Amino acid sequence: MPHLAHIALIVRDYDEALAFYVGKLGFTLVEDSYQPEQDKRWVTIRPPGAPDGATTILLARASNEHQANYVGDQAGGRVFLFLATDDFERDHAAFTAAGVEWVRAPATYDYGRVAVFKDLYGNLWDLIQFAAGHPNAA
């Protein structure tokens, strides 16, 4: 059955991206392999606690000026990725303590509790705990 294996996130530098996603957000490094024929690395991460086989984020270093123009703006200023949590308050506090920049304060809606943060490049993310009964609720 087809499924999403990876979502590419264009980055300036692998190591600075890993410092943010693994160091600040607590993501798990799944793979970091050098690809000599293309002179790049294959770097994949997943949110903490995500099961083996879950969709990963491929940290894709921009390899030309055109790609570099999209670092930090992959969704045209809209929220790009949605990080679901089973404990909003815990993760919001941990991200705040790690220095994550919030651009929208926590709010509660019929679909759940959510706040918006910027990653190190400016891409917008939702931290969201879906309400009980929502199709995406854990």
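As the structure is a computational prediction, the values presented were derived from the model and not from experiment.
- With values rounded to the nearest 0.5 angstrom, D13 atom CG is found 7.5 Å from R41 atom CZ.
- Relative ring orientation between W102 and F117 is described as perpendicular, the plane-to-plane angle rising above 60° on a 0-90° scale split at 30° and 60°.
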What donor-acceptor contacts under 3.5 angstrom involve side-chain atoms of residues 16-25, with partners at least two apart or in another chain?
{"unit_1": "E16", "atom_1": "OE2", "unit_2": "R12", "atom_2": "NE", "d": "3.3"}
{"unit_1": "E16", "atom_1": "OE2", "unit_2": "Y121", "atom_2": "OH", "d": "2.7"}
{"unit_1": "Y21", "atom_1": "OH", "unit_2": "D119", "atom_2": "OD2", "d": "2.5"}
{"unit_1": "K24", "atom_1": "NZ", "unit_2": "A98", "atom_2": "O", "d": "3.3"}

Determine all donor-acceptor pairs shorter than 3.5 Å in which one atom belongs to a side chain in residues 131-138; sequence neighbours excluded.
{"unit_1": "H134", "atom_1": "ND1", "unit_2": "N136", "atom_2": "N", "d": "2.9"}

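- Within a 6.0 Å radius of CD in Q35, more than 12 heavy atoms belonging to other residues, nucleotides or ligands are found.
- With a 6.0 Å radius and a threshold of 12 heavy atoms from other residues, nucleotides or ligands, Y70 has its OH atom at or below the threshold.
- Summarising the geometry of D126 relative to V116, their closest heavy-atom pair is OD1-CG2, 3.1 Å, with the distance given to 0.1 Å.
- Evaluation of the salt bridge (charged side-chain N to carboxylate O under 4.0 Å, His left out) rule for D86 yields R90 as partners, not counting sequence neighbours.
- Of the possible donor and acceptor atoms, none in the side chain of T28 sits under 3.5 Å from a partner among the backbone N and O of V30.
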Which atom pairs, one a donor and one an acceptor, fall under 3.5 Å between side chains of residues 42-50 and the rest of the protein, sequence neighbours left out?
{"unit_1": "W42", "atom_1": "NE1", "unit_2": "E31", "atom_2": "OE1", "d": "3.4"}
{"unit_1": "T44", "atom_1": "OG1", "unit_2": "E31", "atom_2": "N", "d": "3.4"}

Atom pairs and distances, donor-acceptor, side-chain atoms in residues 104-111, under 3.5 Å, two or more places apart:
{"unit_1": "T108", "atom_1": "OG1", "unit_2": "R113", "atom_2": "NH1", "d": "3.0"}

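- Remark: S63 engages Q67 in a side chain to side chain contact (heavy atoms under 4.5 Å, CB included) (not counting sequence neighbours).
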